[in-house]
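The structure presented is a predicted model; accordingly, all values stated were derived computationally and were not measured.
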Amino acid sequence: MIALVDGNSFYVSCERVFDPRLEGRAVGVLSNNDGCVVARSHELKALGVAMGAPLHLLPPAVRRQAVMLSSNYALYGDMSRRVNQVLGEFSPDVEPYSIDESFVGFSGFPEGELEPRCRELRDTVGRWTGIPVGVGLAPTRTLAKLANRLAKREPAFEGVCRLDAEGEATRRVLEACPVDDLWGVARRSAERLALMGIENAWQLREADPRWVRSRFSVVMERMVWELRGRPAIVLDDMSEPRRRLLVSRSFGRLTGERHELEAAMRQHCARAGEKLRRQGSLAQAVQVFVRTNPFLAGEPQYRNAAVVALPAPSADSRELLAAASRALAAIYLEGYRYQKCGVMLLDLVDVERRQASLLETPEDDARRARSQRLMAALDRLNREMGRDTVRFGLPRRDNAWKLRCERRTPRYTTSWDELMRVKTGR
DNA sequence: TCTGGGGTCCTAGGACCC
DNA sequence: TCTGGGGTCCTAGGACCC
(Lines give C-alpha, C1' and ligand atoms only; values in the text may rest on other atoms or scores of the structure.)
Protein backbone atom coordinates (compact mmCIF):
# COMPACT_ATOMS: atom_id res chain seq x y z
CA MET A 1 0.00 0.00 0.00
CA ILE A 2 1.05 3.52 -0.74
CA ALA A 3 -0.10 6.81 0.78
CA LEU A 4 -0.30 10.17 -0.86
CA VAL A 5 0.17 12.97 1.66
CA ASP A 6 -0.79 16.37 0.39
CA GLY A 7 -0.82 19.76 2.13
CA ASN A 8 -4.20 21.49 2.15
CA SER A 9 -3.95 24.80 0.24
CA PHE A 10 -0.26 24.40 0.94
CA TYR A 11 1.05 27.92 0.28
CA VAL A 12 -1.83 29.46 2.20
CA SER A 13 -1.26 27.06 5.09
CA CYS A 14 2.42 28.07 5.22
CA GLU A 15 1.44 31.73 5.46
CA ARG A 16 -1.09 30.98 8.19
CA VAL A 17 1.48 29.22 10.35
CA PHE A 18 3.26 32.54 10.76
CA ASP A 19 0.29 34.88 10.66
CA PRO A 20 -2.71 33.44 12.52
CA ARG A 21 -4.76 36.50 11.57
CA LEU A 22 -5.16 34.84 8.18
CA GLU A 23 -7.08 32.00 9.82
CA GLY A 24 -10.71 31.91 8.71
CA ARG A 25 -10.19 34.55 6.02
CA ALA A 26 -10.26 34.27 2.25
CA VAL A 27 -6.56 34.09 1.38
CA GLY A 28 -4.85 33.65 -1.98
CA VAL A 29 -1.21 33.30 -2.99
CA LEU A 30 -0.17 34.73 -6.35
CA SER A 31 2.18 33.48 -9.04
CA ASN A 32 5.34 35.32 -9.97
CA ASN A 33 4.71 38.86 -11.06
CA ASP A 34 1.54 38.81 -8.95
CA GLY A 35 -0.17 37.49 -12.07
CA CYS A 36 -2.49 34.60 -11.22
CA VAL A 37 -3.94 32.99 -8.11
CA VAL A 38 -2.01 29.75 -7.55
CA ALA A 39 -3.19 28.78 -4.07
CA ARG A 40 -6.55 29.42 -2.41
CA SER A 41 -7.87 28.97 1.08
CA HIS A 42 -11.22 27.22 1.09
CA GLU A 43 -12.86 30.53 1.99
CA LEU A 44 -11.45 31.97 -1.26
CA LYS A 45 -12.64 28.95 -3.24
CA ALA A 46 -16.08 29.54 -1.77
CA LEU A 47 -16.03 33.02 -3.27
CA GLY A 48 -15.78 31.37 -6.67
CA VAL A 49 -12.13 32.12 -7.42
CA ALA A 50 -10.74 29.52 -9.81
CA MET A 51 -7.24 28.06 -9.76
CA GLY A 52 -5.06 30.15 -12.05
CA ALA A 53 -7.47 33.07 -12.19
CA PRO A 54 -5.74 36.31 -13.25
CA LEU A 55 -5.62 38.74 -10.34
CA HIS A 56 -6.65 41.74 -12.40
CA LEU A 57 -9.82 40.01 -13.61
CA LEU A 58 -11.17 39.21 -10.13
CA PRO A 59 -14.41 41.01 -9.23
CA PRO A 60 -13.76 44.10 -7.07
CA ALA A 61 -15.90 42.67 -4.27
CA VAL A 62 -13.66 39.63 -4.05
CA ARG A 63 -10.53 41.76 -4.11
CA ARG A 64 -11.84 43.85 -1.23
CA GLN A 65 -12.60 40.85 0.96
CA ALA A 66 -9.65 38.64 0.19
CA VAL A 67 -6.03 38.84 1.31
CA MET A 68 -3.78 38.32 -1.70
CA LEU A 69 -0.10 37.56 -1.06
CA SER A 70 2.88 37.40 -3.38
CA SER A 71 4.53 34.00 -3.36
CA ASN A 72 7.33 33.36 -0.92
CA TYR A 73 9.07 30.27 -2.29
CA ALA A 74 11.91 30.33 0.23
CA LEU A 75 9.31 29.86 2.98
CA TYR A 76 7.27 27.18 1.16
CA GLY A 77 10.35 25.20 0.18
CA ASP A 78 11.57 25.15 3.76
CA MET A 79 8.17 24.15 5.14
CA SER A 80 8.00 21.37 2.55
CA ARG A 81 11.33 20.03 3.74
CA ARG A 82 10.05 20.00 7.32
CA VAL A 83 6.91 18.09 6.36
CA ASN A 84 8.98 15.44 4.56
CA GLN A 85 11.21 15.13 7.58
CA VAL A 86 8.19 14.21 9.70
CA LEU A 87 7.00 11.72 7.06
CA GLY A 88 10.38 10.06 7.36
CA GLU A 89 9.50 9.16 10.96
CA PHE A 90 6.69 6.97 9.68
CA SER A 91 8.27 5.10 6.78
CA PRO A 92 11.74 4.81 5.28
CA ASP A 93 10.16 5.13 1.83
CA VAL A 94 9.27 8.80 1.24
CA GLU A 95 9.16 10.10 -2.33
CA PRO A 96 8.59 13.85 -2.62
CA TYR A 97 6.51 14.41 -5.73
CA SER A 98 6.07 18.17 -5.64
CA ILE A 99 6.48 20.97 -3.16
CA ASP A 100 3.20 20.08 -1.45
CA GLU A 101 2.82 16.33 -1.87
CA SER A 102 4.76 13.15 -1.23
CA PHE A 103 4.15 9.46 -1.69
CA VAL A 104 4.87 7.31 1.35
CA GLY A 105 5.39 3.60 0.73
CA PHE A 106 4.11 1.13 3.33
CA SER A 107 5.08 -2.20 1.83
CA GLY A 108 5.91 -4.69 4.53
CA PHE A 109 3.80 -2.98 7.18
CA PRO A 110 0.97 -5.09 8.68
CA GLU A 111 -2.28 -4.33 6.80
CA GLY A 112 -4.37 -3.65 9.88
CA GLU A 113 -2.01 -1.02 11.23
CA LEU A 114 -1.95 1.14 8.13
CA GLU A 115 -4.96 3.31 8.70
CA PRO A 116 -4.18 4.13 12.34
CA ARG A 117 -0.61 4.80 11.31
CA CYS A 118 -1.78 7.26 8.65
CA ARG A 119 -3.95 9.04 11.21
CA GLU A 120 -1.03 9.36 13.55
CA LEU A 121 1.10 10.62 10.67
CA ARG A 122 -1.44 13.28 9.85
CA ASP A 123 -1.72 14.42 13.48
CA THR A 124 2.04 14.55 13.89
CA VAL A 125 2.61 16.61 10.74
CA GLY A 126 -0.03 19.03 11.96
CA ARG A 127 1.45 19.29 15.44
CA TRP A 128 5.11 19.56 14.44
CA THR A 129 4.86 21.80 11.38
CA GLY A 130 1.46 23.49 11.61
CA ILE A 131 0.52 22.27 8.12
CA PRO A 132 -2.81 20.43 7.75
CA VAL A 133 -2.54 17.48 5.34
CA GLY A 134 -4.83 14.93 3.73
CA VAL A 135 -3.83 11.28 3.36
CA GLY A 136 -5.03 8.86 0.67
CA LEU A 137 -4.11 5.21 1.15
CA ALA A 138 -4.41 2.68 -1.70
CA PRO A 139 -2.59 -0.08 -3.58
CA THR A 140 -1.55 2.21 -6.48
CA ARG A 141 -0.59 5.84 -6.93
CA THR A 142 -3.60 6.61 -9.10
CA LEU A 143 -6.00 5.22 -6.50
CA ALA A 144 -4.07 6.94 -3.72
CA LYS A 145 -4.53 10.26 -5.51
CA LEU A 146 -8.22 9.62 -5.71
CA ALA A 147 -8.42 8.56 -2.08
CA ASN A 148 -6.60 11.75 -1.14
CA ARG A 149 -9.24 13.86 -2.86
CA LEU A 150 -11.95 12.05 -0.96
CA ALA A 151 -10.08 12.51 2.30
CA LYS A 152 -10.09 16.25 1.76
CA ARG A 153 -13.58 16.57 0.36
CA GLU A 154 -15.63 14.39 2.70
CA PRO A 155 -15.44 15.59 6.30
CA ALA A 156 -16.48 12.11 7.51
CA PHE A 157 -13.03 10.75 6.63
CA GLU A 158 -11.31 13.22 8.96
CA GLY A 159 -8.44 13.67 6.56
CA VAL A 160 -7.56 10.01 5.97
CA CYS A 161 -9.20 7.79 3.35
CA ARG A 162 -8.38 4.24 2.35
CA LEU A 163 -9.39 2.89 -1.06
CA ASP A 164 -8.94 -0.81 -1.86
CA ALA A 165 -8.72 -2.25 -5.35
CA GLU A 166 -11.85 -4.39 -5.03
CA GLY A 167 -15.23 -4.09 -3.40
CA GLU A 168 -18.56 -2.36 -3.68
CA ALA A 169 -17.30 0.85 -2.04
CA THR A 170 -14.53 1.18 -4.61
CA ARG A 171 -16.97 0.60 -7.44
CA ARG A 172 -19.24 3.37 -6.18
CA VAL A 173 -16.33 5.78 -5.84
CA LEU A 174 -15.04 5.05 -9.34
CA GLU A 175 -18.48 5.34 -10.89
CA ALA A 176 -18.89 8.75 -9.32
CA CYS A 177 -15.50 9.92 -10.59
CA PRO A 178 -15.42 11.58 -14.03
CA VAL A 179 -12.34 10.50 -16.00
CA ASP A 180 -10.84 13.96 -16.06
CA ASP A 181 -10.67 13.92 -12.26
CA LEU A 182 -8.07 11.17 -12.58
CA TRP A 183 -4.40 11.94 -12.18
CA GLY A 184 -3.03 12.03 -15.72
CA VAL A 185 -6.29 12.49 -17.62
CA ALA A 186 -7.07 16.04 -18.62
CA ARG A 187 -9.45 17.72 -21.00
CA ARG A 188 -8.06 16.41 -24.30
CA SER A 189 -8.02 12.76 -23.32
CA ALA A 190 -11.35 13.05 -21.53
CA GLU A 191 -12.97 14.36 -24.71
CA ARG A 192 -11.62 11.45 -26.73
CA LEU A 193 -12.66 8.94 -24.08
CA ALA A 194 -16.17 10.40 -24.00
CA LEU A 195 -16.49 9.81 -27.75
CA MET A 196 -15.99 6.12 -27.04
CA GLY A 197 -18.52 6.07 -24.26
CA ILE A 198 -16.05 6.16 -21.37
CA GLU A 199 -16.97 8.91 -18.97
CA ASN A 200 -16.19 7.67 -15.49
CA ALA A 201 -13.28 5.91 -13.84
CA TRP A 202 -15.15 2.63 -13.46
CA GLN A 203 -15.81 2.41 -17.20
CA LEU A 204 -12.15 3.05 -17.87
CA ARG A 205 -11.13 0.40 -15.38
CA GLU A 206 -13.37 -2.13 -17.12
CA ALA A 207 -12.04 -1.34 -20.62
CA ASP A 208 -9.71 -3.78 -22.38
CA PRO A 209 -6.13 -2.59 -21.75
CA ARG A 210 -4.94 -3.66 -25.23
CA TRP A 211 -7.76 -1.77 -26.88
CA VAL A 212 -7.02 1.30 -24.75
CA ARG A 213 -3.37 1.12 -25.73
CA SER A 214 -4.13 0.89 -29.43
CA ARG A 215 -6.61 3.75 -29.38
CA PHE A 216 -4.69 5.98 -26.97
CA SER A 217 -1.23 5.24 -25.69
CA VAL A 218 0.74 3.26 -23.21
CA VAL A 219 0.06 6.03 -20.70
CA MET A 220 -3.68 5.41 -20.78
CA GLU A 221 -3.17 1.66 -20.63
CA ARG A 222 -1.21 2.11 -17.41
CA MET A 223 -4.15 4.06 -16.06
CA VAL A 224 -6.38 1.01 -16.56
CA TRP A 225 -3.99 -1.23 -14.65
CA GLU A 226 -3.60 1.30 -11.87
CA LEU A 227 -7.38 1.56 -11.47
CA ARG A 228 -7.52 -2.23 -11.18
CA GLY A 229 -5.03 -2.08 -8.33
CA ARG A 230 -1.92 -3.17 -10.22
CA PRO A 231 0.90 -0.60 -9.94
CA ALA A 232 2.05 0.56 -13.37
CA ILE A 233 3.39 4.05 -12.74
CA VAL A 234 6.96 4.49 -11.59
CA LEU A 235 8.11 7.91 -10.53
CA ASP A 236 11.42 9.23 -11.61
CA ASP A 237 13.69 9.76 -8.69
CA MET A 238 13.42 13.39 -7.64
CA SER A 239 16.96 13.26 -6.31
CA GLU A 240 18.31 12.49 -9.80
CA PRO A 241 19.67 15.52 -11.62
CA ARG A 242 17.29 17.20 -14.06
CA ARG A 243 17.69 16.52 -17.74
CA ARG A 244 16.90 20.05 -18.78
CA LEU A 245 16.73 23.29 -16.95
CA LEU A 246 14.68 26.39 -17.61
CA VAL A 247 14.79 29.92 -16.26
CA SER A 248 12.20 32.33 -17.59
CA ARG A 249 10.17 35.29 -16.38
CA SER A 250 7.45 37.50 -17.66
CA PHE A 251 8.46 41.14 -17.66
CA GLY A 252 6.96 43.57 -15.19
CA ARG A 253 5.99 45.62 -18.26
CA LEU A 254 6.18 44.94 -21.98
CA THR A 255 9.27 46.07 -23.83
CA GLY A 256 10.54 46.22 -27.39
CA GLU A 257 14.03 47.29 -26.42
CA ARG A 258 16.75 44.91 -27.42
CA HIS A 259 19.02 45.89 -24.55
CA GLU A 260 16.28 45.05 -22.06
CA LEU A 261 15.79 41.61 -23.55
CA GLU A 262 19.53 41.13 -23.39
CA ALA A 263 19.63 42.15 -19.75
CA ALA A 264 16.90 39.67 -18.91
CA MET A 265 18.64 36.96 -20.92
CA ARG A 266 21.91 37.58 -19.05
CA GLN A 267 20.13 37.38 -15.73
CA HIS A 268 18.40 34.11 -16.68
CA CYS A 269 21.67 32.68 -17.97
CA ALA A 270 23.45 33.45 -14.71
CA ARG A 271 20.64 31.85 -12.70
CA ALA A 272 20.57 28.82 -14.98
CA GLY A 273 24.33 28.44 -14.64
CA GLU A 274 24.02 28.45 -10.84
CA LYS A 275 21.34 25.77 -10.93
CA LEU A 276 23.38 23.74 -13.39
CA ARG A 277 26.49 23.78 -11.20
CA ARG A 278 24.51 23.08 -8.06
CA GLN A 279 23.23 19.83 -9.52
CA GLY A 280 26.68 18.92 -10.86
CA SER A 281 25.83 18.91 -14.55
CA LEU A 282 27.19 20.27 -17.82
CA ALA A 283 25.01 21.59 -20.63
CA GLN A 284 25.58 20.78 -24.27
CA ALA A 285 23.21 23.32 -25.80
CA VAL A 286 21.42 26.53 -24.90
CA GLN A 287 17.99 27.58 -26.08
CA VAL A 288 16.59 31.10 -25.85
CA PHE A 289 12.96 31.95 -26.47
CA VAL A 290 11.03 35.20 -26.60
CA ARG A 291 7.37 35.98 -27.05
CA THR A 292 4.86 38.78 -27.09
CA ASN A 293 1.78 38.77 -24.85
CA PRO A 294 -0.65 36.27 -26.42
CA PHE A 295 -3.56 37.76 -24.47
CA LEU A 296 -3.34 41.06 -26.28
CA ALA A 297 -5.27 40.01 -29.36
CA GLY A 298 -5.04 43.42 -31.02
CA GLU A 299 -1.24 43.50 -30.99
CA PRO A 300 1.15 41.98 -33.52
CA GLN A 301 2.19 38.60 -32.15
CA TYR A 302 5.57 36.96 -32.38
CA ARG A 303 7.20 34.00 -30.70
CA ASN A 304 10.36 32.23 -31.56
CA ALA A 305 13.18 30.15 -30.14
CA ALA A 306 16.69 29.23 -31.19
CA VAL A 307 19.13 26.58 -30.01
CA VAL A 308 22.88 27.02 -30.08
CA ALA A 309 25.12 24.04 -29.37
CA LEU A 310 28.11 24.57 -27.10
CA PRO A 311 31.52 23.61 -28.52
CA ALA A 312 31.99 21.32 -25.52
CA PRO A 313 29.78 20.44 -22.54
CA SER A 314 30.10 23.32 -20.09
CA ALA A 315 28.89 24.83 -16.85
CA ASP A 316 30.76 28.11 -17.32
CA SER A 317 28.33 31.01 -17.25
CA ARG A 318 30.47 32.93 -19.73
CA GLU A 319 30.16 30.17 -22.31
CA LEU A 320 26.45 29.77 -21.68
CA LEU A 321 26.07 33.50 -22.10
CA ALA A 322 28.01 33.59 -25.38
CA ALA A 323 25.78 30.88 -26.82
CA ALA A 324 22.61 32.50 -25.50
CA SER A 325 23.61 35.85 -27.02
CA ARG A 326 23.92 34.26 -30.42
CA ALA A 327 20.56 32.56 -29.99
CA LEU A 328 18.86 35.80 -29.00
CA ALA A 329 20.46 37.67 -31.90
CA ALA A 330 19.02 35.06 -34.26
CA ILE A 331 15.42 35.56 -33.13
CA TYR A 332 15.14 39.16 -31.97
CA LEU A 333 12.96 41.33 -34.22
CA GLU A 334 12.23 45.01 -33.87
CA GLY A 335 8.70 46.29 -33.75
CA TYR A 336 7.20 43.96 -31.15
CA ARG A 337 6.43 44.47 -27.50
CA TYR A 338 7.85 41.45 -25.76
CA GLN A 339 6.32 39.95 -22.65
CA LYS A 340 8.63 37.08 -21.82
CA CYS A 341 12.09 35.71 -22.37
CA GLY A 342 13.60 32.44 -21.22
CA VAL A 343 16.83 30.47 -21.25
CA MET A 344 16.80 26.68 -21.38
CA LEU A 345 19.85 24.46 -20.88
CA LEU A 346 19.59 21.24 -22.86
CA ASP A 347 21.18 17.80 -23.06
CA LEU A 348 22.56 17.95 -19.54
CA VAL A 349 25.22 15.44 -18.61
CA ASP A 350 26.86 14.56 -15.33
CA VAL A 351 30.09 16.45 -14.79
CA GLU A 352 31.80 13.24 -13.64
CA ARG A 353 30.93 11.44 -16.84
CA ARG A 354 32.15 14.10 -19.20
CA GLN A 355 33.33 12.69 -22.49
CA ALA A 356 36.83 13.89 -23.26
CA SER A 357 37.60 14.96 -26.80
CA LEU A 358 40.40 13.29 -28.75
CA LEU A 359 41.73 16.71 -29.61
CA GLU A 360 42.08 17.89 -26.04
CA THR A 361 45.36 19.42 -25.01
CA PRO A 362 46.86 20.02 -21.58
CA GLU A 363 45.99 23.69 -22.09
CA ASP A 364 42.32 22.72 -22.39
CA ASP A 365 42.56 20.90 -19.08
CA ALA A 366 44.15 23.89 -17.42
CA ARG A 367 41.54 26.21 -18.84
CA ARG A 368 38.75 23.98 -17.58
CA ALA A 369 40.25 23.87 -14.11
CA ARG A 370 40.47 27.69 -14.05
CA SER A 371 36.88 27.96 -15.21
CA GLN A 372 35.71 25.66 -12.43
CA ARG A 373 37.56 27.64 -9.78
CA LEU A 374 36.18 30.91 -11.10
CA MET A 375 32.60 29.65 -11.16
CA ALA A 376 32.95 28.18 -7.68
CA ALA A 377 34.20 31.53 -6.38
CA LEU A 378 31.37 33.34 -8.13
CA ASP A 379 28.75 31.02 -6.65
CA ARG A 380 30.21 31.38 -3.19
CA LEU A 381 30.25 35.17 -3.31
CA ASN A 382 26.66 35.29 -4.49
CA ARG A 383 25.60 32.76 -1.89
CA GLU A 384 27.32 34.40 1.04
CA MET A 385 27.10 38.07 0.12
CA GLY A 386 23.68 37.97 -1.49
CA ARG A 387 22.38 37.42 -4.96
CA ASP A 388 23.91 39.46 -7.76
CA THR A 389 26.94 40.54 -5.73
CA VAL A 390 28.88 39.50 -8.83
CA ARG A 391 27.00 39.60 -12.11
CA PHE A 392 27.52 39.73 -15.84
CA GLY A 393 26.98 43.14 -17.41
CA LEU A 394 25.81 46.29 -15.76
CA PRO A 395 22.50 46.51 -13.99
CA ARG A 396 20.17 49.26 -15.12
CA ARG A 397 17.56 51.08 -13.18
CA ASP A 398 13.91 50.56 -14.02
CA ASN A 399 14.39 47.25 -15.76
CA ALA A 400 11.34 46.12 -17.67
CA TRP A 401 12.01 42.59 -16.55
CA LYS A 402 11.98 43.41 -12.88
CA LEU A 403 9.30 41.39 -11.16
CA ARG A 404 6.35 42.80 -9.41
CA CYS A 405 5.90 41.21 -6.03
CA GLU A 406 4.39 43.77 -3.78
CA ARG A 407 2.85 41.62 -1.11
CA ARG A 408 5.51 39.14 -0.14
CA THR A 409 5.60 38.09 3.50
CA PRO A 410 8.91 37.75 5.39
CA ARG A 411 11.04 34.63 4.93
CA TYR A 412 10.36 33.63 8.50
CA THR A 413 12.38 30.42 8.52
CA THR A 414 15.33 31.17 6.25
CA SER A 415 16.27 34.83 6.82
CA TRP A 416 17.28 36.21 10.21
CA ASP A 417 17.06 39.77 8.89
CA GLU A 418 13.48 39.41 7.82
CA LEU A 419 12.49 37.56 10.97
CA MET A 420 13.96 40.36 13.11
CA ARG A 421 11.97 42.93 11.20
CA VAL A 422 8.79 41.07 12.15
CA LYS A 423 9.81 41.07 15.78
CA THR A 424 10.68 44.75 15.94
CA GLY A 425 7.72 45.71 13.84
CA ARG A 426 9.74 47.62 11.27
C1' DT B 1 -1.55 48.47 -16.05
C1' DC B 2 -2.51 43.85 -15.35
C1' DT B 3 -2.91 36.55 -17.51
C1' DG B 4 3.31 32.01 -13.81
C1' DG B 5 7.22 28.95 -14.00
C1' DG B 6 9.29 24.56 -14.26
C1' DG B 7 9.22 20.01 -15.38
C1' DT B 8 8.32 14.90 -17.58
C1' DC B 9 6.97 11.35 -20.91
C1' DC B 10 5.27 9.65 -25.31
C1' DT B 11 4.49 9.45 -30.29
C1' DA B 12 4.85 10.37 -35.09
C1' DG B 13 7.55 11.21 -38.72
C1' DG B 14 11.80 12.32 -41.13
C1' DA B 15 16.62 11.23 -42.06
C1' DC B 16 19.62 7.89 -42.57
C1' DC B 17 21.75 3.15 -42.82
C1' DC B 18 22.44 -1.52 -44.92
C1' DT C 1 2.36 -3.65 -64.70
C1' DC C 2 6.00 -2.60 -62.02
C1' DT C 3 10.32 0.20 -57.53
C1' DG C 4 12.08 -3.96 -50.54
C1' DG C 5 12.40 -4.59 -45.89
C1' DG C 6 14.03 -3.65 -41.65
C1' DG C 7 16.38 -1.04 -38.47
C1' DT C 8 18.08 3.25 -35.44
C1' DC C 9 18.30 7.92 -34.05
C1' DC C 10 16.65 12.47 -33.53
C1' DT C 11 13.34 16.19 -33.10
C1' DA C 12 9.07 18.68 -32.67
C1' DG C 13 4.95 18.86 -30.67
C1' DG C 14 1.23 17.19 -27.76
C1' DA C 15 -0.40 16.18 -23.29
C1' DC C 16 -0.04 16.28 -18.71
C1' DC C 17 1.52 17.48 -13.84
C1' DC C 18 2.00 20.85 -9.76
Student: Is it true that A:S102 and A:N84 share a donor-acceptor pair across their side chains at a distance under 3.5 Å?
Tutor: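 A:N84 vs A:S102: donor-acceptor pair found between side chains.
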
Student: For DNA chain B, what is the dot-bracket line, given that a base pair needs Watson-Crick (N1 to N3, plus N6-O4 or O6-N4) or G-U wobble (N1-O2 and O6-N3) geometry with both distances under 3.5 Å, and | means paired with another strand?
Tutor: ....||||||||||||||

Student: Between A:S248 and B:dG4, is there a contact of a side-chain N or O with OP1 or OP2 at under 4.0 Å?
Tutor: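 For B:dG4, neither OP1 nor OP2 has a side-chain N or O of A:S248 closer than 4.0 Å.
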
Student: May I have the distance from A:L345 (atom CG) to B:dG6 (atom P), rounded to whole angstrom?
Tutor: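 It works out to 11 Å between those atoms.
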
Student: Take atom CD of A:E299 and atom P of B:dT1, then tell me their distance rounded to the nearest Å.
Tutor: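 It is 12 Å, rounded to the nearest whole Å.
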
Student: Please give, in whole Å, the distance from C:dC18 P to A:R149 CZ?
Tutor: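 Answer to the nearest Å: 10 Å.
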
Student: Could you check how far CZ of A:R222 sits from C1' of B:dC10, rounded to whole Å?
Tutor: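 For the pair A:R222 CZ and B:dC10 C1', the rounded distance is 9 Å.
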
Student: Show each protein N/O and nucleotides 11-16 of chain B N/O combination with a separation under 3.5 Å, one pair to a line.
Tutor:
| residue | atom | partner | partner atom | Å |
| --- | --- | --- | --- | --- |
| B:dT11 | OP1 | A:V218 | N | 3.3 |

Student: Counting any heavy atom closer than 4.0 Å, what does A:I99 reach on the DNA or RNA strands: base, sugar-phosphate only, or nothing?
Tutor: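 The answer is nothing, as A:I99 stays clear of every strand by at least 4.0 Å.
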
Student: Given B:dT3, B:dC10, B:dT8, which nucleotide is nearest the side-chain atoms of A:R242?
Tutor: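 Comparing B:dT3, B:dC10, B:dT8 against the side chain of A:R242, the answer is B:dT8.
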
Student: Kindly say if A:N33 contacts the phosphate of B:dT3, meaning a side-chain N or O under 4.0 Å from OP1 or OP2.
Tutor: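 No, outside the criterion.
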
Student: C:dC18, B:dT3, B:dG6: which one has an atom nearest the side-chain heavy atoms of A:D100?
Tutor: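 When the side chain of A:D100 is considered, C:dC18 is the closest of C:dC18, B:dT3, B:dG6.
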
Student: Can you tell me if the side-chain N/O atoms of A:K340 get under 4.0 Å from OP1 or OP2 in B:dG5?
Tutor: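 Looking at the OP1 and OP2 atoms of B:dG5, one of them is under 4.0 Å from a side-chain N or O of A:K340.
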
Student: Taking the side chain of A:L245 as its heavy atoms from C-beta onward, which of B:dG4, C:dC17, B:dG7 lies nearest to it?
Tutor: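 Of the candidates, B:dG7 comes closest.
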
Student: Tell me the interatomic distance from A:R291, atom CZ, to B:dG5, atom C1', rounded to whole angstroms.
Tutor: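 Rounding to the nearest Å, CZ of A:R291 and C1' of B:dG5 are 11 Å apart.
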
Student: Any salt bridge linking A:R127 with A:D123? Criterion: basic side-chain nitrogen under 4.0 Å from a carboxylate oxygen.
Tutor: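 Not counted as a salt bridge, because no side-chain N and carboxylate O are separated by less than 4.0 Å.
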
Student: Quick one: do the A:T414 and A:D78 side chains pair a donor with an acceptor below 3.5 Å?
Tutor: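 Side-chain D/A pair, A:T414 to A:D78: absent.
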
Student: Please determine, for the side chain of A:R244, which listed nucleotide (B:dG5, B:dT8, B:dT3) has the closest atom?
Tutor: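 So the side chain of A:R244 is nearest to B:dT8.
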
Student: For A:M223 and B:dC9, what is the distance between atoms CE and P respectively, to the nearest whole Å?
Tutor: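 Distance, rounded to whole Å: 16 Å.
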
Student: Return the CG to CG distance between A:N200 and A:D181, rounded to the nearest 0.5 Å.
Tutor: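 Reported to 0.5 Å precision, the distance equals 11.0 Å.
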
Student: What's the closest nucleotide to the side chain of A:Y97 if the choices are B:dG4, C:dC17, B:dT8?
Tutor: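 Of B:dG4, C:dC17, B:dT8, C:dC17 is nearest to the side chain of A:Y97.
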
Student: Give the rounded distance in Å between these two atoms: CZ of A:R141 and P of B:dT8.
Tutor: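 In whole Å, B:dT8 P and A:R141 CZ are 17 Å from each other.
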
Student: Kindly point out which of B:dG5, B:dT3, B:dG4 is positioned nearest to the side chain of A:V38?
Tutor: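 The closest nucleotide is B:dG4.
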
Student: Find the distance A:R337:CZ to B:dC2:P and express it as a whole number of Å.
Tutor: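 One finds 7 Å between P of B:dC2 and CZ of A:R337, rounded.
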
Student: Closer than 4.0 angstrom, basic N to acidic O: yes or no for A:D6 and A:K152?
Tutor: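 Counted as a salt bridge, because a side-chain N and a carboxylate O are separated by less than 4.0 Å.
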
Student: Could you please spell out the steps behind the side chain to side chain contact (heavy atoms under 4.5 Å, CB included) verdict for A:V62 and A:Q65?
Tutor: CA-CA 5 Å; A:V62 170; A:Q65 279 182 64; 5.8 Å; no

Student: Checking all strands, does A:S189 fall into the base, sugar-phosphate, or nothing category for heavy-atom contacts under 4.0 angstrom?
Tutor: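 Sugar-phosphate: the residue A:S189, judged by heavy atoms under 4.0 Å, touches backbone atoms but no base.
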
Student: Between A:E43 and A:R25 (salt bridge meaning N to carboxylate O under 4.0 Å), is one present in this structure?
Tutor: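 No salt bridge links A:E43 with A:R25.
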
Student: Parallel, tilted or perpendicular, judged at 30° and 60°: which one describes the rings of A:Y412 and A:F18?
Tutor: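 Ring orientation of A:Y412 relative to A:F18: parallel.
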
Student: Is any side-chain N or O of A:Q339 closer than 4.0 Å to OP1 or OP2 of B:dG4?
Tutor: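 Yes.
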
Student: Walk me through whether A:F90 and A:W128 qualify under ring pair (Phe, Tyr, Trp, His ring centres under 6.0 Å).
Tutor: CA-CA 14 Å; A:F90 287 83; A:W128 291 5; 7.7 Å; no

Student: How do A:K275 and A:S31 order along DNA chain B: which one's closest nucleotide is nearer the 5' end?
Tutor: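 The residue mapped nearer the 5' terminus is A:S31.
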
Student: Would you indicate, yes or no, if B:dC9 has its OP1 or OP2 atom less than 4.0 angstrom from a side-chain nitrogen or oxygen of A:R243?
Tutor: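 So the side-chain polar atoms of A:R243 do come within 4.0 Å of the phosphate oxygens OP1 or OP2 of B:dC9, strictly under.
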
Student: One thing to verify: whether A:R222 and A:E226 come together as a salt bridge, which I'm taking to mean a side-chain N less than 4.0 angstrom from a carboxylate O.
Tutor: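 Between A:R222 and A:E226 there is no salt bridge, as every charged N stays at least 4.0 Å from the carboxylate O atoms.
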
Student: Sequence neighbours left out, what passes ring pair (Phe, Tyr, Trp, His ring centres under 6.0 Å) with A:Y336? Give chain and number order.
Tutor: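 Expected list: A:Y302.
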
Student: Which of these nucleotides, B:dT3, B:dG6, B:dG4, is closest to any side-chain atom of A:P54?
Tutor: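 Out of B:dT3, B:dG6, B:dG4, the nucleotide with an atom closest to A:P54's side chain is B:dT3.
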
Student: Looking for any heavy atom pair under 4.0 Å, which part of the strands does A:D34 touch: base, sugar-phosphate only, or nothing?
Tutor: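 Here A:D34 touches no strand at all.
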
Student: Remember a base hit wins even if backbone is also touched, and classify A:L346 as base, sugar-phosphate or nothing at under 4.0 Å, heavy atoms.
Tutor: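 No contact at all - A:L346 keeps every heavy atom at 4.0 Å or more from the nucleic acid.
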
